[in-house]
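Beneath this line is the structure, given in structure tokens, with notes to follow.
Model, not experiment: these values are computed from the prediction. Lettering follows sequence order; numbering is per chain, from 1.
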2 protein chains.
Amino acid sequence: MKGEEMLLLENQLCFPLYAVSRLVTQLYTPLLDQLDITYPQYLVLLVLWEQDSQSVSDIGAQLLLETNTLTPLLKRMEQKELIQRTRATDDERKVLVSLTTRGKKLKQKAPCIPQALIAGMQDSPLTAREVEAFRRTLHKMLEALRSSTAPVHGG
Amino acid sequence: MKGEEMLLLENQLCFPLYAVSRLVTQLYTPLLDQLDITYPQYLVLLVLWEQDSQSVSDIGAQLLLETNTLTPLLKRMEQKELIQRTRATDDERKVLVSLTTRGKKLKQKAPCIPQALIAGMQDSPLTAREVEAFRRTLHKMLEALRSSTAPVHGG
DNA sequence: TACATTTGTATCGCAAACGATACAATCGCC
DNA sequence: GGCGATTGTATCGTTTGCGATACAAATGTA
């Protein structure tokens, strides 16, 4: 492909990636509003529902988010009483993040959220094969880019 | 898939989409820094390089960005003398955005940017077929979600 | 002309996202 | 114990992204 063609918006890979990511967030927002959480906060809950009581860095390693992004985000979640933050006793440098009763309960209302993406695509639904190929490519890119971009979390 | 399984980070589609999008931005950042622009500013330039002199709303329609996001972004680009903003004479409600000489010149240095994504994936490169399938799925999602989420630009 | 409606742009406030940097606790070594 | 290095957390400033809202110009109706 020539330099000229590479700069056409239509030929970009980065733009539709960026746009779809934002559109998914927009699709989820009304549902997340009902739970009084934001999209990154929902991701934090996903991580904690899977494994409770993790350090800030552990959460960041899974979500590829820096601590300076997570700290204020977690503080807001603590204010809403979704999580608790306590210093670890064995290593007091660490802050352990754990779910409150309220945070655990939200899990029951959560399964409708990933389903909203499927529902939002009803007009032209993806085949199971298409979804699998898409997911595999995304994870391939995730791994490749994790090592390319400045590694922070032992990548 | 059961409710429990749907909430595993591994089974999410939204998370890798979100993460890869951020990683691509991170990959581009050092290159964009050399041009003294940010990632969304780069997208605006892509649009204007393709067709100069467009209204704020026209740009927003292509990038799926609201005017309240674009206005301050374009003001910063105007300060850097990459673009000019002038009221349209036929309809003074519209603000026409056009490239300056400086903005046009940047196009020559830009082709290396989309190539950085290919280069950043060298460890486990995608096949041409894989890229095509990925792009097709992304555009399919883009169209489906554009009609699902609150349409603003006549979608 | 008067006035409401529509269309388009600008402003404000909040929540990310991240680089740079400061700060605190711990660990290793002596 | 003392002290520098390491590790982890918190703060600051800038840029996006968007809802809500204010404002300006054009349009429609009478």
Side-chain angles (χ1 to χ4, degrees), chain A residues 15 18-30 32-33 36-44 54-61 63-80 85-97 149-154, chain B residues 15 18-30 32-33 36-44 54-61 63-80 85-97 149-154:
Chain A
F15 167 64
Y18 176 74
V20 169
S21 177
R22 283 192 302 110
L23 285 174
V24 171
T25 305
Q26 284 175 35
L27 181 73
Y28 281 5
T29 296
L32 296 172
D33 280 351
D36 191 29
I37 54 177
T38 64
Y39 181 63
Q41 290 173 16
Y42 164 68
L43 294 179
V44 169
Q54 301 191 55
S55 72
V56 177
S57 304
D58 286 342
I59 296 170
L63 299 181
L64 308 185
L65 288 172
E66 304 295 327
T67 59
N68 53 4
T69 299
L70 283 173
T71 295
L73 193 158
L74 293 171
K75 276 187 176 175
R76 284 186 284 270
M77 293 180 76
E78 191 177 33
Q79 280 186 338
K80 292 185 216 169
R85 297 186 309 143
T86 51
R87 290 266 166 197
T89 49
D90 61 325
D91 186 343
E92 293 195 12
R93 292 174 300 184
K94 290 183 184 175
V95 167
L96 286 180
V97 181
T149 58
V152 183
H153 303 291
Chain B
F15 166 65
Y18 176 76
V20 169
S21 178
R22 283 193 301 110
L23 285 174
V24 171
T25 305
Q26 284 175 33
L27 181 73
Y28 281 5
T29 295
L32 297 172
D33 281 350
D36 190 29
I37 53 176
T38 65
Y39 182 63
Q41 290 174 14
Y42 164 68
L43 293 180
V44 168
Q54 300 191 55
S55 73
V56 177
S57 304
D58 286 342
I59 296 171
L63 300 181
L64 308 186
L65 288 172
E66 303 295 328
T67 59
N68 53 5
T69 299
L70 283 173
T71 296
L73 192 157
L74 293 171
K75 278 186 175 174
R76 284 186 284 271
M77 292 180 77
E78 190 176 35
Q79 281 185 339
K80 293 184 213 169
R85 297 188 311 143
T86 51
R87 289 270 167 193
T89 50
D90 61 325
D91 185 345
E92 292 193 12
R93 292 174 301 185
K94 290 184 185 173
V95 167
L96 286 179
V97 181
T149 58
V152 184
H153 302 292

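Within the 4.5 Å cutoff, side-chain heavy atoms of A:Leu70 are placed close to those of A:Val44. Looking at B:Arg85 and B:Lys75, their side chains come closer than 4.5 Å, going by heavy atoms from C-beta outward. Residues B:Val95 and B:Arg87 are in side-chain contact: their nearest non-hydrogen atoms beyond the backbone lie under 4.5 Å apart. Under the 4.5 Å side-chain criterion, counting only non-hydrogen atoms from C-beta, A:Ile59 is not in contact with A:Leu65. Residues A:Leu32 and A:Tyr39 meet the side-chain proximity criterion, which asks for heavy atoms closer than 4.5 Å. Between B:Leu27 and B:Leu23, the closest side-chain pair of non-hydrogen atoms is not below 4.5 Å.
Of the candidates C:dA17, C:dT9, D:dA10, the closest approach to any side-chain atom of B:Lys94 belongs to C:dT9. Set against D:dT9, D:dT15, C:dG8, the side chain of B:Thr38 has D:dT15 as its closest nucleotide. Of all nucleotides listed (D:dT9, C:dG19, D:dT16), C:dG19 comes nearest to the side chain of A:Glu66. Of the candidate nucleotides C:dA16, C:dA10, D:dT9, D:dT9 has the atom lying nearest to any side-chain atom of A:Val56.
If you take CG on A:Asn68 and CG on A:Leu73, they are separated by 11.5 Å, rounding to the nearest 0.5 Å. Atoms CD1 and OH, from A:Ile37 and A:Tyr42 in turn, are 8.0 Å apart once rounded to the nearest 0.5 Å.
At C:dA16, none of the side-chain N or O atoms of A:Thr69 fall inside 4.0 Å of OP1 or OP2 (strictly under the cut-off). Close to C:dT11, at under 4.0 Å from its OP1 or OP2, lies a side-chain N or O of B:Lys75. When the side-chain nitrogen and oxygen atoms of B:Arg22 are compared with OP1 and OP2 of C:dA16, none of them lie within a distance under 4.0 Å. In this structure, A:Arg85 reaches the D:dA10 phosphate: one of its side-chain N or O atoms is under 4.0 Å from OP1 or OP2. For B:Gln26 and C:dA17, the shortest distance from a side-chain N or O to OP1 or OP2 is not below 4.0 Å. For B:Ser57 and C:dG8, the shortest distance from a side-chain N or O to OP1 or OP2 is not below 4.0 Å. Residue A:Arg76 places at least one side-chain N or O closer than 4.0 Å to OP1 or OP2 of C:dA16. Distances shorter than 4.0 Å separate none of the side-chain N or O atoms of B:Arg87 from OP1 or OP2 on D:dA25.
For the pair A:Leu63 CG and C:dC18 C1', the interatomic distance rounds to 15 Å; values are reported in whole Å. Between B:Gln79 atom CD and D:dT15 atom C1' there is a gap of 13 Å when expressed in whole angstrom units. Atom CE of A:Met77 is separated from atom P of C:dC14 by 20 Å (rounded to the nearest Å). The nearest whole Å value for the distance from the CD1 atom in A:Ile37 to the P atom in C:dA16 is 10 Å. C:dA15 atom P lies 17 Å from atom CG of A:Leu65, rounded to whole Å. Look at CG on B:Leu32: it is 15 Å from P on C:dC18, rounded to the nearest Å. Following rounding to the nearest Å, A:Leu43 (CG) and C:dA15 (P) show an atom-to-atom distance of 17 Å. Between A:Leu73 atom CG and C:dC14 atom P the separation is 17 Å, expressed in whole Å.
Residues B:Tyr18 and A:Ser21 share a closest heavy-atom pair of CA-OG, 3.5 Å. Summarising the geometry of B:Ser57 relative to B:Thr67, their closest heavy-atom pair is OG-CG2, 4.3 Å, with the distance given to 0.1 Å.
In the helix from C:dT1-D:dA30 to C:dC30-D:dG1, the rotation axis of the first five pairs and that of the last five pairs differ in direction by 10°, rounded to 10 degrees.
Note on A:Leu70: nothing from the nucleic acid sits closer than 4.0 angstrom, heavy atoms only.
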For nucleotides 2-6 of chain C, tabulate all protein N/O to nucleotide N/O atom pairs closer than 3.5 Å, reporting atom names and distance.
none

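Evaluation of atom-type donor-acceptor distances gives a pair under 3.5 Å for the side chain of B:Asn68 against the base of D:dG19.
Judged by distance alone, the side chain of A:Arg22 and the main-chain N or O of B:Leu64 form a donor-acceptor pair under 3.5 Å.
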